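Worksheet for the structure shown next.
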Amino acid sequence: KQVLLAGVKRNALELRQKELDFNVERFTNLATQASVIAGFSFESLVELEVPEDTHWLLSSTYFVFGSAAMAMSLYCLVVSSFACVFGHRLALQ
């Protein structure tokens with residue numbers, strides 16, 4: 001009877017470990033995508049030279065939305081990195 005209970009507990013722990021690995025992998029993939037988007041947003045904000053005859057509203061809208069995209073990507077990167085780092089530690093508690 002104790003061998004059967006030990007086997008069931010072991011299988012349950014293996015299942016929880018697989019679930020944890022799956023979630024950490026999802027957050028790692030999310031962090032990778034967010035860092036790529038943040039890099040593209042930064043590069044597009046820094047390297048764009050706005051022509052003199054561009055309407056101020058158009059260029060302002062571009063920079064506002066570019067900055068928002070970079071800020072949201074960085075926020076996503078921070079949250080997903082936090083989840084990856086502390087996921088294993090919180091699972092042990």
Side-chain angles (χ1 to χ4, degrees):
K1 180 178 178 181
Q2 290 180 351
V3 173
L4 181 63
L5 288 176
V8 169
K9 285 183 183 180
R10 189 171 140 251
N11 288 340
L13 286 174
E14 287 177 2
L15 182 63
R16 286 189 60 149
Q17 181 65 35
K18 286 180 183 179
E19 181 181 1
L20 178 67
D21 290 341
F22 173 73
N23 286 327
V24 167
E25 184 180 346
R26 285 178 59 196
F27 280 115
T28 303
N29 292 338
L30 185 66
T32 302
Q33 294 171 4
S35 65
V36 168
I37 292 173
F40 285 147
S41 298
F42 178 76
E43 190 69 22
S44 68
L45 290 173
V46 170
E47 293 296 325
L48 179 72
E49 294 182 13
V50 181
E52 295 289 329
D53 59 345
T54 304
H55 193 267
W56 67 271
L57 186 62
L58 183 63
S59 63
S60 297
T61 304
Y62 174 78
F63 284 114
V64 164
F65 282 111
S67 300
M70 189 172 76
M72 286 184 265
S73 296
L74 289 175
Y75 174 74
C76 181
L77 179 63
V78 167
V79 169
S80 60
S81 298
F82 179 82
C84 289
V85 169
F86 290 106
H88 289 289
R89 186 179 72 83
L90 293 175
L92 292 175
Q93 292 180 352

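These values consider heavy atoms only, across backbone and side chains, with no hydrogens, waters or symmetry-generated copies. In this text the structure is predicted, and so the values were computed from the model without any measurement.
- Here Phe22 is tied to no hydrophobic group at all, with no ILVMFWY side chain closer than 4.5 Å.
- Remark: Glu19 CD to Glu14 CD distance equals 14.0 Å, nearest 0.5 Å.
- With rounding to the nearest 0.5 Å, the separation of CG in Leu20 from CG in Leu13 is 12.0 Å.
- A search for side-chain contact (heavy atoms from CB on, under 4.5 Å) contacts involving Leu5 returns nothing, not counting sequence neighbours.
- Residues passing the side-chain hydrogen bond (donor to acceptor under 3.5 Å, both in side chains) test with Asp21 are Gln17, sequence neighbours excluded.
- Within the structure, no pair that satisfies the salt bridge (charged side-chain N to carboxylate O under 4.0 Å, His left out) test touches residues 55-82, not counting sequence neighbours.
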Mind listing the side-chain donor-acceptor pairs of residues 65-82 below 3.5 Å, one per line with the distance, residues two or more places apart or on another chain?
residue : atom : partner : partner atom : Å
Ser67   : OG   : Phe63   : O            : 2.7
Ser73   : OG   : Ala69   : O            : 2.9
Ser80   : OG   : Cys76   : O            : 2.9
Ser80   : OG   : Leu77   : O            : 3.2
Ser81   : OG   : Leu77   : O            : 2.8

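- Within the model, atoms CZ of Arg10 and CG of Leu15 stand 13.0 Å from one another, a figure rounded to the nearest 0.5 Å.
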Contacts table for residues 42-54: side-chain donor-acceptor under 3.5 angstrom, sequence neighbours left out:
residue : atom : partner : partner atom : Å
Ser44   : OG   : Phe40   : O            : 3.3
Ser44   : OG   : Ser41   : O            : 2.8
Thr54   : OG1  : Pro51   : O            : 3.2

